[in-house]
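To start, the structure itself, in structure tokens.
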Amino acid sequence: MIGDLRRFSSIGPEEIAAGMSAMHAPLSGYLAGEPRGGREVCELEQAWAEKFNVTHAIACNSATSGLLAAAFATGLGDGDRFAVSAMTMSATAAAPMFTGARPFFGDVDDETFGIETDLPHSAPVFATNLFGHAAHLTALRNWCDSNKTVLIEDNSQSPFASVGEQFTGTIGHIGVFSLNIHKPIQCGEGGMIVTDDDELADRLRAFINHGEHVGRSIGLNLRMPEVCAAIARVQLRHGEEIVQGRIDQATAIITAVSGTPGIRMPVTRDRCRHVYYTIPFLIDGDRAAFCASLREDGVPIVEGYVDPLYRMPAFAKWARPCPVAEGLHDRRLFYAENCAWDFTRDQVEQIGEAFRKAAKCLKI
Ligand SMILES: Cc1ncc(COP(=O)(O)O)c(C=O)c1O
């Protein structure tokens with residue numbers, strides 16, 4: 001048994017002090033139609049734009065809001081098509097559907113878990129960088145550019161991941177980050193949208209801010225509060241360090257379990273940086289029995305990810321077979337929640353032993 005588990009949290013005294021201090025100033029800066037927000041929001045946006053080397057960074061109250069704003073900003077509307085991975089969190093597909101657009105569910109590959117690049121419709125692509133690794137972003141961006149459409153990256157799970165010199169989230173026309181409590185960098189609830197396109201930035205800002213300061217379009221209030229922005233600023237400052245801590249933990253676990261027969265370790269593609277939101281393993285053999293054995297030894301493990309989205313009644317109308325996503329969810333994939341737990345060195349070694357024991361019991 002690996003014993004008591006400690007939850008991971010990157011929130012420390014600096015974040016608490018920043019949040020408290022923001023409470024002594026106006027709690028929102030969006031006064032009288034001001035589209036940029038208060039001091040904390042403005043400073044977060046500036047620091048985020050500098051860190052990720054983009055022209056515009058726009059704070060909002062969740063990645064879901066960011067995806068919704070992106071869908072409206074790119075002009076998606078009633079009856080339009082958009083492409084989205086069948087294997088992602090539901091918000092990646094649900095948010096654009098609020099424009100009245102219809103999803104085309106793309107299958108994934110079993111290394112990056114990103115959406116396929118051979119897409120049949122010339123339509124905006126919502127590509128998720130799942131588990132901490134880039135989807136096939138360069139190919140998707142080229143495909144979108146040559147088809148005169150847009151690539152929106154759902155980078156909720158992959159802050160500070162990269163492809164070559166470029167951070168994920170900044171390769172598409174728009175990138176969306178989540179700052180919810182489950183993410184390595186967080187402020188409870190929050191989102192960031194990035195783009196280099198001035199016109200898209202104007203539309204994104206208008207959408208999250210009632211649309212009223214431009215008057216051309218409708219919008220909602222999807223703004224980030226000042227206290228969240230104050231916390232997010234500190235998290236951003238420590239972002240590289242926080243994420244490196246998660247990469248180090250994942251590397252230690254992968255080293256401890258590597259060589260387990262029948263288990264494929266996570267793949268990091270050439271020139272990519274994996275930030276290991278989760279540690280995805282694939283199994284040849286009886287997944288349920290293998291994971292049951294791990295659980296008996298106290299290893300927290302999740303089987304599959306989410307059902308391919310078209311199996312949910314809300315998306316069933318647009319179902320099409322995605323055999324790789326189905327096989328991963330039903331039989332092959334299991335993962336460790338690297339951003340949920342802080343393992344001690346002993347626990348990491350015990351995870352290694354638990355993997356070997358499970359493989360031996362199952363004779364794989
Ligand atoms: C891939 C992906 N997209 C979108 C979201 C939604 O993020 P938020 O809770 O910030 O709206 C999540 C959250 O878990 C996610 O993992």
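Counting starts at 1 for both ligands and their atoms, following the listed order. Only this structure's heavy atoms are used, side chains among them; waters, hydrogens and symmetry mates stay out.
A salt bridge does not link Arg331 with Glu326: every distance from a Lys NZ or Arg NE/NH1/NH2 to an Asp or Glu carboxylate oxygen is 4.0 Å or more. Ionic pairing of Asp342 and Arg246 is present here: one or more N-O contacts between side-chain nitrogen and carboxylate oxygen are shorter than 4.0 angstrom. A salt bridge does not link Arg271 to Glu165: none of the charged side-chain nitrogens sits closer than 4.0 Å to a carboxylate oxygen.
An N or O contact shorter than 3.5 Å links Thr64 to ligand 1 by distance. Between Glu189 and ligand 1, a contact under 3.5 Å exists for no N or O pair. Looking at ligand 1, you'll find an N or O of Asn180 within less than 3.5 Å of one of its N or O atoms.
Under the 3.5 Å distance criterion, with hydrogens and angles disregarded, no donor-acceptor pair is assigned to the side chains of Glu189 and Asn61.
Heavy-atom distances between Gln157 and ligand 1 reach below 4.0 Å in at least one pair.
Ring pair Tyr277/Phe131: centre-to-centre distance not below 6.0 Å.
For Ser62, heavy-atom contacts with ligand 1 shorter than 4.0 Å involve the backbone as well as the side chain. At a 4.0 Å heavy-atom cut-off, ligand 1 touches Asp154 through the side chain alone. The part of Lys183 lying near ligand 1 is the side chain, judged by heavy-atom distances below 4.0 Å.
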